[in-house]
Undergrad: 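Below are the structure tokens for one structure; questions will follow.
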Amino acid sequence: MMSERIVNILVTGGAGFIGSHLCEALLAKKHNVICVDNLGSGDAKNIQHLLQNKNFLFIKHDIINSLQIDGKIDQIFHLASRASPIDYQQYPVETALSNAIGTHNLIKLTLEKNAVLLFSSTSETYGDPLQHPQKETYWGNVNPIGIRSCYDESKRFGEALLMAYSREYKAKIKIIRIFNTYGPRMRKNDGRVIPNFITQALNNKPITLYGDGKQTRSFCYVDDLVAGIIKMMDSKEIGPVKLGNPKELIELANMVKKLTNSKSEIVFKQLPEDDPTRRCPDISVAKKVLSWEPKVELEDGLKRTTQWFKEN
Ligand code: UDP
């Protein structure tokens, strides 16, 4: 088993929301972790507590520029990319390049080190999906020139590039498609629905429901997701494998309001352009090949997340 020996691991985007939880989990397994982050949407505070760990090294670097690492690298987890719609629409070029050029730089490093590269792709590869719930075999419905395309299409390109290098150069690659994830260390102003609702509810400010509020998502607690990411790396699978919570949800606003004892009213705002109507993963592949499924109930995860937002 991989986890029984010390593995030298590179995590890009390791100071971000998901990346920092991943670094923590890998260090808990006694592995050596190098965290690379440009601190664009990542935050040094997320890894502050890891800096004393002798197995942890932080390098501030933008993976759009080529990356040289001395010594052995066995595994690379490529998570570096802006991931919130508001964020990547503000930085579309940076977002597109981190998934295109950044991924290319990491593939080159993967080949040089004879390592395994895991690329974190996204449910957004399906765009506004016409199949529901989405299976890995579904190819998606993406607007290639829309305001989300800097993210969607660059993630799709990243997947295509990994497959090309796998076919032509036998690069060792893995692809996961991450669905909506939440938990401590999400940025309170990153515009995504859970930090928005929690911050609004805690401050008794109006909870902003976009459109008619009937669009659906499914939310996976970050610890569950990280367990799935590590299982994928330790498996023989190439993927793509979807990781997410298969419980589809509409009624988030009232749930957050109740959990926070908030006096907030729920107000309707305009639906953002190209906002997918429904999104829910079919996780039968992850269940079968990784023996993975989310364990944390939404209410429990929201309580933990709310607590973190209160303390921070
Ligand atoms: N949303 C909302 N209110 C908000 C923020 C988001 O109703 O304050 C909706 C948004 O329109 C989308 C869903 O919540 O349908 C999830 O949005 P998010 O930005 O979290 O991520 P997405 O799944 O769209 O990438």
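Predicted model, so just to flag it, every value in this text is computed and none were measured. In listed order, ligands and their atoms are each counted from 1.
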Undergrad: With a heavy-atom distance limit of 4.0 Å, tell me whether S84 approaches ligand 1 through its side chain, its backbone, both, or neither.
TA: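 Near ligand 1, S84 shows nothing, with every heavy atom at 4.0 Å or more.
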Undergrad: Against heavy atoms of G191, which atoms of ligand 1 measure under 4.0 Å?
TA: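 In order of number, 5 (C), 19 (O).
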Undergrad: What protein heavy atom is closest to atom 25 (O) of ligand 1, reported as residue, atom name and distance in Å?
TA: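 Residue, atom and distance for the closest contact: E124 OE2, 3.2 Å.
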Undergrad: Is it the case that more than 12 heavy atoms not belonging to K108 sit under 6.0 Å from its NZ atom?
TA: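 More than 12 within 6.0 Å, yes.
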Undergrad: Report the nearest protein non-hydrogen atom to atom 1 (N) of ligand 1: residue, atom name, distance rounded to 0.1 Å.
TA: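 The protein heavy atom lying closest is Y210 CD1, 3.4 Å.
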Undergrad: May I ask you to identify, for R148, whether its side chain, its backbone, both or neither come under 4.0 Å of ligand 1 on a heavy-atom basis?
TA: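 Only the side chain of R148 comes within reach of ligand 1.
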Undergrad: Would you say R278 touches ligand 1, if touching means a heavy atom closer than 4.0 Å?
TA: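 Heavy atoms of R278 never come under 4.0 Å of ligand 1.
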Undergrad: Output yes when the distance from some N or O of ligand 1 to some N or O of I194 is under 3.5 Å, and no in every other case.
TA: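 No; every N/O pair is 3.5 Å or more apart.
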Undergrad: Output all residues satisfying ring-ring contact (aromatic ring centres under 6.0 Å, His included) with F197, sequence neighbours left out; order by chain, then residue number.
TA: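 Expected list: none.
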Undergrad: Give the atom numbers and elements of ligand 1 that come within less than 4.0 Å of a heavy atom of F197.
TA: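 Atoms satisfying the 4.0 Å criterion: 3 (N), 4 (C), 8 (O).
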Undergrad: So, is Y88 polar-close to ligand 1, with some N/O to N/O distance under 3.5 Å?
TA: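 In this structure, Y88 places no N or O atom under 3.5 Å from an N or O of ligand 1.
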Undergrad: As an exercise, state the distance from CG of L162 to NZ of K172, rounded to the nearest 0.5 Å.
TA: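 If we round to the nearest 0.5 Å, L162:CG and K172:NZ are 13.5 Å apart.
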Undergrad: Counting only heavy atoms closer than 4.0 Å, does ligand 1 sit against the backbone of R279, its side chain, both, or neither?
TA: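 The side chain, only.
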Undergrad: Could you tell me which atoms of ligand 1, counted from 1 in the order shown, lie closer than 4.0 angstrom to a heavy atom of N196?
TA: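 The list of qualifying atoms is 4 (C), 5 (C), 8 (O).
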Undergrad: Quick one: which ligand 1 atoms are inside 4.0 Å of a heavy atom on P272?
TA: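 By the 4.0 Å cutoff, the relevant atoms are 11 (O).
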Undergrad: Nearest heavy atom to atom 4 (C) of ligand 1 wins, so pick from T208, I266, T216.
TA: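 Selected option, by shortest heavy-atom distance: T208.
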Undergrad: How long is the span from the CG atom in N105 to the CD atom in Q68, to the nearest 0.5 Å?
TA: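 Atom-to-atom, N105:CG and Q68:CD are 10.5 Å apart.
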Undergrad: How long is the straight-line distance from OG of S262 back to CG of N254, given to the nearest 0.5 Å?
TA: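 Those atoms lie 10.5 Å apart.
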Undergrad: Identify the protein heavy atom lying closest to atom 20 (O) of ligand 1, giving its residue, its atom name and the separation to 0.1 Å.
TA: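 Residue, atom and distance for the closest contact: V193 N, 2.8 Å.
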Undergrad: Mind running salt bridge (charged side-chain N to carboxylate O under 4.0 Å, His left out) on E297 and K247 for me, showing each step along the way?
TA: CA-CA 10 Å; E297 292 295 337; K247 275 195 193 145; 3.1 Å; yes
Undergrad: Using a plain distance cutoff, I'd like to know if R192 has any nitrogen or oxygen under 3.5 Å from a nitrogen or oxygen of ligand 1.
TA: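 No: no nitrogen or oxygen of R192 is under 3.5 Å from one in ligand 1.
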Undergrad: Assign the ring pair Y151 / Y88 to parallel, tilted or perpendicular, where the plane angle (0 to 90°) is split at 30° and 60°.
TA: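 Rings of Y151 and Y88: parallel, under 30°.
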Undergrad: Identify, for atom 10 (C) of ligand 1, the protein heavy atom at the shortest distance, and state residue, atom and that distance.
TA: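 Heavy-atom neighbour on the protein nearest atom 10 (C) of ligand 1: D275 OD2, 3.3 Å.
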Undergrad: Angle between ring planes, F219 versus Y182, binned at 30° and 60°: parallel, tilted or perpendicular?
TA: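 F219 vs Y182 ring planes: perpendicular.
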Undergrad: Using a cut-off of 6.0 Å, state whether more than 12 heavy atoms not belonging to K205 lie near its atom NZ.
TA: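 Open.
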Undergrad: For atom 21 (O) of ligand 1, which candidate among N180, L252, V267, T277 holds the nearest heavy atom?
TA: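 When every heavy atom of N180, L252, V267, T277 is considered, N180 comes closest to atom 21 (O) of ligand 1.
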Undergrad: Working to the nearest 0.5 Å, report the span between CG of N312 and CZ of R185.
TA: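 Nearest 0.5 Å value for the CG-CZ distance: 9.5 Å.
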Undergrad: When rounded to the nearest 0.5 angstrom, what distance separates CD1 in I47 from CG in L57?
TA: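 Going from CD1 on I47 over to CG on L57, the span is 9.5 Å.
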